[in-house]
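One structure is given below, encoded as structure tokens.
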2 protein chains.
Amino acid sequence: MSAIADVARLAGVAKATASRALSGRGYVSDETRSKVVAAAALIGYVASPNAASLVTGRTQSVGVIIPFISRWFFSEILESLEQSLLAKGYDMTLYNLPAHSVERERVFDFFLARKRFDGVISVGVELSDTEVQLLHRLGRPLVGIGGEIPGVHTIAIDDIAAARLATEHLISLGHTDIRHIGGDQVDQMDFAVHTKRLTGFNTAMRAAGLNTDGCFAPCAFTVPGGYEAGLALFGDPHRRPTAVFAASDEIAIGLIVAARELGILVPSELSVIGIDGHPYAEMFRLTTIEQHPRNQARMAVEALLGALEQQSVTVSPGLTRAPTNLVMRSSTSAPR
Amino acid sequence: MSAIADVARLAGVAKATASRALSGRGYVSDETRSKVVAAAALIGYVASPNAASLVTGRTQSVGVIIPFISRWFFSEILESLEQSLLAKGYDMTLYNLPAHSVERERVFDFFLARKRFDGVISVGVELSDTEVQLLHRLGRPLVGIGGEIPGVHTIAIDDIAAARLATEHLISLGHTDIRHIGGDQVDQMDFAVHTKRLTGFNTAMRAAGLNTDGCFAPCAFTVPGGYEAGLALFGDPHRRPTAVFAASDEIAIGLIVAARELGILVPSELSVIGIDGHPYAEMFRLTTIEQHPRNQARMAVEALLGALEQQSVTVSPGLTRAPTNLVMRSSTSAPR
DNA sequence: GACAGATCTGGAAACGGTTGCATAAGGAAC
DNA sequence: GTTCCTTATGCAACCGTTTCCAGATCTGTC
């Protein structure tokens, strides 16, 4: 509707002056500025970033690539990203790209190539070299959350250390028959998360002199996934472990529900520990390693906007470790 | 990087011709078109919709306003919206606006006023007249999901009918001591959902000649919310009902978890029914009224893009009813 | 063979902002 | 009273695209 020319006319100044007055760049007298601001307010003028982006190259908008929306970690990330970006005046445009989506190529070659974003945040998606280069050629900074992409600044917890800590907690309670339930191949979430958590588990077990053969069982990375795995694992009383380390709280909760259904007492007959800090953890009294996705999202926005302020095309590559912490509730105890 | 001028030069034609060849509007000979297309492919040219929007007024982008991201209904809607919009070449920009967010005014007065969207989809947010008018003045069509906004085309299930159906299911099994656990004031989600589901419950009860006094108890609209409500409601064996209608599956699941902890058998001692069709419903064998959010999202996109194609500023106002269906599992049975 | 209509192409003007450059006024330093 | 710097403003060009308009060529009809 109303353009800056209307504001300028109303305020009795040139377009250039109105632009300077509203954007705060360049010299404008206080008197002129207030006239312009008043005129803009009067007709409800809001600058079109699309038009401005033509000449400035800045769009005030950030693209986000994410493989899931409904899983806890990802929805937390998303809420926090949106909040941080909104606070800084940025729009957030969402691309939901499951691991091997058919749309994937189109998103990179078409949507991301449209020059709509000042930067891109990639959450839990392993980008190929080609894809990183494509984004790089656009001259836009890129920040990752939740994994390591070569040459890209990434915010992530130390998955190996978190898994080791969880396993060590069980070992320190006196458990020796411990299993690890983690993500399966189908649900790779693209990232090496599953593998890393398994590595942390194996490391802790071996350091304690415990055998790891046949200790890992895969399942879908969800509550029903953990539930199914629990029914299978706990079905035979003779082969039942005394403790389980679940790769996520959602899996852990599924395991607990399965155990309860089978009449197995947690923690006296079975200890369960997870990773995440899921909002349901408390009602299931689940001991877990908390990560703080909202915080990770804030760090990512900070890194990205920092790079934008410095006009730098790239964020300094490298890894920022997000903190984790053990929260003890009553799903773990010494074995009987 | 590469602009249409580069493509035109490479193909040996004028900018205008290149534009026509790539957009498919106006006359272009087959020979010229293939030359232009080849040139564009060669240098990896992708048109900037920002620049185009300046003259066409179309941005190829849709704004979505949503109060939650992590709750099941909303994340399903979001995934489906993104998928439908992407398929049509539209970007989706997200505004996460909890009910009484401090950011709300800023989103309407600033972000939505920036002329970035061809249309807006509002999910589960009750818009004020002022807000509807503001969007209308921008000349952009608006479609709602999950409630009724005066003068706006909305996709929604019949909440009253769904609640009545759920309650009637319990009554038909022979229950007479039935409670309804639903959303509280704090968690109004802006919409009249809570009130409508309560109305449906009351209607069914009265039609069966049952008293409704003191039959409703509020809780947070989440699994832990239902769990807390369950502990409170089932704590006193003398005052325990034989059946509960939960306003959502998440509440229903919380109730079941609480019942199991208290040693109450579902369904023989307690029947529970919910509304939603949550992915956890099956593992808790929950009887529920399914709604299909992904389908609602598709309908919304269809309505919005339909209006855009017709150049019409408004979508024909009115209500499209999304279907629901009762799925019987084993959380409900006749009372003992 | 003239004419109308359809097809094809290019030049130039727009869209709504920002910014480089020129101009001018005011104040400080010599 | 110059000179120089800082502040303030306007004009015009520019960003990348689409589209209006004019002109050219081709086709078919009478």
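Worth saying up front: this structure is predicted, and the values here are computed from it rather than measured. Chain letters run A, B, ... following the sequence lines, proteins first, then strands; residues in each count from 1.
The distance between atom CZ of R116(B) and atom P of dG16(C), rounded to the nearest whole Å, is 16 Å. For the pair L138(B) CG and dG16(C) C1', the interatomic distance rounds to 16 Å; values are reported in whole Å. Here the P atom of nucleotide dC15(C) and the CD1 atom of I4(B) are 19 Å apart, to the nearest Å. Rounded to a whole Å, the NZ atom of K115(A) is 8 Å from the P atom of dG16(D).
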What are the atom names and distances for every N/O pair under 3.5 Å that joins the protein to nucleotides 10-13 of chain C?
from	atom 1	to	atom 2	distance (Å)
dG10(C)	OP2	A14(B)	N	2.9
dG10(C)	OP2	T17(B)	OG1	2.7
dG10(C)	N7	R20(B)	NH2	2.9
dG10(C)	O6	R20(B)	NH1	3.2

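Listed by first then second residue, pairs satisfying side chain to side chain donor-acceptor pair (under 3.5 Å) with a partner in residues 12-22 of chain B number zero, not counting sequence neighbours.
Separation of atoms CZ (R298(B)) and CD (Q296(B)) is listed at 10.5 Å; rounding is to 0.5 Å.
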Under 3.5 Å, which donor-acceptor pairs link side chains of residues 89-97 of chain B to any protein atom two or more places apart or in another chain?
from	atom 1	to	atom 2	distance (Å)
D91(B)	OD1	Y95(A)	OH	2.3
D91(B)	OD2	R114(A)	NH2	3.0
D91(B)	OD2	R116(A)	NH1	2.9
T93(B)	OG1	T93(A)	OG1	2.9
Y95(B)	OH	D91(A)	OD1	2.3
N96(B)	ND2	I66(B)	O	3.1
N96(B)	ND2	P67(B)	O	3.2

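For the pair S80(A) (side chain) and I77(A) (backbone), a donor-acceptor distance under 3.5 Å is absent. Put simply, the side chain of D118(B) gets close to the backbone of Q60(B): a donor and an acceptor are under 3.5 Å apart. The main-chain N or O of V46(A) is found under 3.5 Å from a side-chain atom of K115(B) such that the two form a donor-acceptor pair. Using modelled atom types, one side-chain atom of R321(B) and one backbone atom of I157(B) make a donor-acceptor pair closer than 3.5 Å.
R25(A) pairs by the salt bridge (Lys or Arg N to Asp or Glu O under 4.0 Å) definition with nothing, not counting sequence neighbours.
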TODO: Give the intermediate values and the outcome of side chain to side chain contact (heavy atoms under 4.5 Å, CB included) for residues R140(A) and F117(A).
DONE: CA-CA 8 Å; R140(A) 301 297 180 211; F117(A) 309 118; 5.6 Å; no
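Scanning residues 44-55 of chain A for heavy-atom distances under 4.0 Å to DNA chain D yields L54(A), V55(A). Taking a 4.0 Å limit (strictly below) on heavy-atom distances, residues 21-32 of chain B reaches DNA chain D at R25(B).
In this structure, P141(B) and L308(B) approach most closely via the heavy-atom pair CG-CD2, 3.6 Å.
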